[in-house]
2 protein chains.
Amino acid sequence: MEQIQNIENYLTNVGIKPSYQRMKIYEYLIENMNHPTVEMIYKDLSPHIPTLSKTTVYNTLKLFVDKEITQIITIEDTEARFDADTSTHGHFKCIKCGKIFDFSFDKTNLNIKQIENFDIQQTHLYIKGICENCKNIDKKNN
Amino acid sequence: MEQIQNIENYLTNVGIKPSYQRMKIYEYLIENMNHPTVEMIYKDLSPHIPTLSKTTVYNTLKLFVDKEITQIITIEDTEARFDADTSTHGHFKCIKCGKIFDFSFDKTNLNIKQIENFDIQQTHLYIKGICENCKNIDKKNN
DNA sequence: TTTATAATTGTAACAATTACAGAAATGGAA
DNA sequence: TTCCATTTCTGTAATTGTTACAATTATAAA
Ligand SMILES: [Mn+2]
Ligand SMILES: [Mn+2]
Ligand SMILES: [Zn+2]
Ligand SMILES: [Zn+2]
């Protein structure tokens with residue numbers, strides 16, 4: 001209710017006309033910070049917005065990315081994931097359970113010499129491996 | 001000539017039967033460290049191997065990745081890129097000229113707390129922006 | 001040479017994404 | 001209100017990167 005009100009103002013402030021679909025999709029993104037795919041967003045919102053088209057999900061996300069209120073996570077090469085948290089932070093993907101975890105890192109002391117005169121606009125750190133929970137499950141089974 | 005000989009031995013050592021196609025594709029990867037796409041590899045090798053199939057390029061790259069002599073670079077969400085340098089190193093993509101630059105970074109001082117008990121297998125650092133050359137071109141035009 | 005196995009090829013299938021044209025909604029001006 | 005222009009949304013078709021699969025070809029041992 002009030003959340004929607006906030007979203008409406010927020011979208012307006014960044015120059016996006018707050019249509020019902022756009023508000024619902026943005027609301028979904030901030031309530032589900034688990035880096036959803038287009039498919040997940042569409043599947044979950046369809047019951048509540050029966051007329052929703054997958055094209056609208058694609059168009060809306062592209063608009064959000066253009067206006068820089070959403071970032072694309074390409075940690076897997078199969079399909080894109082979306083994140084309403086546009087701050088620079090890292091992503092860990094567990095190859096066992098598939099879950100994607102956020103983590104923060106210090107990009108100031110990366111000490112990168114080769115590109116020090118380059119103009120940096122986006123920094124993405126992707127780490128793959130096995131999360132603590134899956135590690136413990138593995139231990140038990142051995 | 002001799003290069004091919006080395007590649008033949010190298011592939012054999014990592015457990016890959018060195019067919020002509022596989023040797024040529026691996027040779028292409030180490031001679032073109034510009035992180036080619038499947039399309040680039042296929043286009044460039046086709047004239048020299050007229051019977052080459054794009055499926056063979058896909059199959060061969062998957063085999064190289066499985067045997068860990070090649071890594072997949074997913075810096076763009078459109079198509080996969082391949083890198084015969086499997087060491088942990090960063091990639092910078094210039095959004096003007098599209099070129100992808102390698103750089104080294106010290107992953108030890110990233111200071112990541114949230115995933116310190118996780119089992120890390122791969123680390124990918126992708127940075128996007130404008131390279132020095134394109135920056136200078138921009139300056140001249142303003 | 002025969003025969004089994006592995007590698008390659010070409011086509012079809014698939015899945016994610018984009019293009020596009022028509023329908024619906026929106027927001028003034030008359 | 002009605003009319004009209006513009007924007008947004010929708011559904012389908014097209015496109016693109018990738019994978020599945022069956023048939024062909026190459027390889028190598030018996
Ligand atoms: Mn995130
Ligand atoms: Mn590289
Ligand atoms: Zn896990
Ligand atoms: Zn450049």
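The model shown is predicted, which means the values in this text are computed figures rather than measured ones. Letters A, B, ... are given to chains in the order of the sequence lines, protein chains preceding strands, and every chain is numbered from 1.
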(request) Could you verify whether a donor N or O on one side chain and an acceptor N or O on the other, from A/Glu76 and B/Thr74, lie under 3.5 Å apart? (result) no

(request) Verify the distance criterion only: is there a donor paired with an acceptor across the side chains of A/Glu68 and A/Thr86 at less than 3.5 Å? (result)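 No pair is found: no donor N or O on one side chain lies under 3.5 Å from an acceptor on the other.
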
(request) For the pair A/Lys113 and A/Glu116, find out whether any cationic side-chain nitrogen is under 4.0 Å from an anionic carboxylate oxygen. (result) no

(message) Quick test of your reading: applying salt bridge (charged side-chain N to carboxylate O under 4.0 Å, His left out), list the pairs with at least one residue in residues 124-135 of chain A, sequence neighbours left out, ordered by first then second residue.
(response)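 Not a single pair qualifies under salt bridge (charged side-chain N to carboxylate O under 4.0 Å, His left out).
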
(request) Just jot down the side chain to side chain contact (heavy atoms under 4.5 Å, CB included) partners of A/Lys43, sequence neighbours excluded, or say none. (result)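 In terms of side chain to side chain contact (heavy atoms under 4.5 Å, CB included), with neighbours along the sequence ignored, A/Lys43 is linked to A/Glu39.
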
Rounded to the Å, how far apart are [X] [atom1] and [N] [atom2]?
X       : N      : atom1 : atom2 : result
B/Glu76 : C/dT18 : CD    : P     : 13 Å
B/Leu63 : C/dA6  : CG    : P     : 13 Å
A/Lys62 : C/dC20 : NZ    : P     : 13 Å
B/Ile49 : C/dA7  : CD1   : C1'   : 14 Å
B/Ile16 : C/dA6  : CD1   : C1'   : 14 Å
A/Leu45 : D/dT10 : CG    : C1'   : 16 Å
A/Lys43 : C/dA15 : NZ    : P     : 11 Å

(message) OP1 or OP2 of D/dT10 versus the side-chain N and O atoms of A/Gln21: is any pair under 4.0 Å?
(response) yes

(message) Please tell me if B/Ser19 has a side-chain N or O lying less than 4.0 Å from either OP1 or OP2 of C/dA7.
(response)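 For C/dA7, OP1/OP2 do not have a side-chain N/O of B/Ser19 under 4.0 Å.
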
(message) On a heavy-atom basis, which atom in B/Val57 and which in B/Ile25 lie closest, and how many Å separate them?
(response) CA-CD1, 4.0 Å

(request) State which residues pass ring-ring contact (aromatic ring centres under 6.0 Å, His included) with A/His91; sequence neighbours excluded, sorted by chain then number. (result)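 ring-ring contact (aromatic ring centres under 6.0 Å, His included) check on A/His91 returns A/His35, A/His89.
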
(request) Please find out if less than 6.0 Å separates the ring center of A/Phe92 from that of A/Phe103. (result) no

(message) One character per nucleotide, please: for nucleotides 25-30 of chain D, 5' to 3', B when the base has a protein heavy atom closer than 4.0 Å, S when only the sugar-phosphate does, - otherwise.
(response) ------

(message) Each nucleotide in nucleotides 11-18 of chain D should get exactly one letter: B, S or -. Can you fill that in based on protein heavy atoms under 4.0 Å?
(response) BB----SB

(request) Could you name each residue pair satisfying ring pair (Phe, Tyr, Trp, His ring centres under 6.0 Å) that touches residues 46-83 of chain A, not counting sequence neighbours? (result)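 Counting only pairs at least two positions apart or across chains, the ring pair (Phe, Tyr, Trp, His ring centres under 6.0 Å) contacts touching residues 46-83 of chain A are A/Tyr26-A/Phe64.
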
